[in-house]
Amino acid sequence: MIIVVIIAAVLFGAAAIGALFRIIKGPSALDRIIASDVLVATVMCALGAEMAINKHTDTLPVLLGLAIFTVVGSVSIARFMATKDDT
């Protein structure tokens with residue numbers, strides 16, 4: 001079991017570092033926005049894995065709050081980019 005936890009932690013860390021790299025070096029604002037969504041999704045997956053490993057649901061409200069903010073943020077950015085492209 002400990003090997004699976006270590007592998008999951010390494011993969012979550014690699015995904016977070018990749019997303020942070022894209023946020024910093026992204027050539028456009030849209031790349032940075034997508035990378036921030038990937039970073040939040042990685043954090044959400046890590047929280048879900050932590051809940052499954054420790055067999056508790058204490059961080060479920062945090063997980064749901066992150067999901068709501070991510071969806072609202074993605075929709076608002078998509079609407080902003082759609083109106084920006086028409087001009």
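Every heavy atom of this structure was used, including side-chain atoms; hydrogens, water molecules and symmetry mates were not.
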Side chain to side chain contact (heavy atoms under 4.5 Å, CB included) partners for Ala35, two or more places apart:
Arg22, Ile23

In terms of heavy-atom contacts, Val38 and Ala19 come closest through CG1-CB, 4.2 Å

Is Leu39 reachable from Phe21 through a run of hydrophobic residues whose side-chain heavy atoms are each under 4.5 Å from the next?
no

Over all atoms of both residues, closest heavy-atom pair of Met81 and Ile33
CE-CD1, 4.2 Å

So which heavy atom on Ile53 is nearest to which on Met1, and how close?
CG1-CE, 4.4 Å

Set out, in order, the CA-CA distance, both residues' side-chain angles and the distance that settles side-chain contact (heavy atoms from CB on, under 4.5 Å) for Leu47 and Leu60, then state yes or no.
CA-CA 8 Å; Leu47 283 173; Leu60 190 60; over 6 Å; no

Here the gap from Leu64 atom CG to Thr59 atom OG1, rounded to the nearest 0.5 Å, amounts to 9.5 Å

Is it the case that one hydrophobic cluster holds both Leu11 and Ile6, taking links as side-chain heavy atoms less than 4.5 Å apart, direct or via other members?
yes

Show me the pairs that pass side-chain hydrogen bond (donor to acceptor under 3.5 Å, both in side chains) and involve residues 32-42, at least two apart or across chains.
Asp37-Ser74

For the residue pair Met51 and Leu63, establish whether any side-chain heavy-atom pair is separated by less than 4.5 Å.
yes

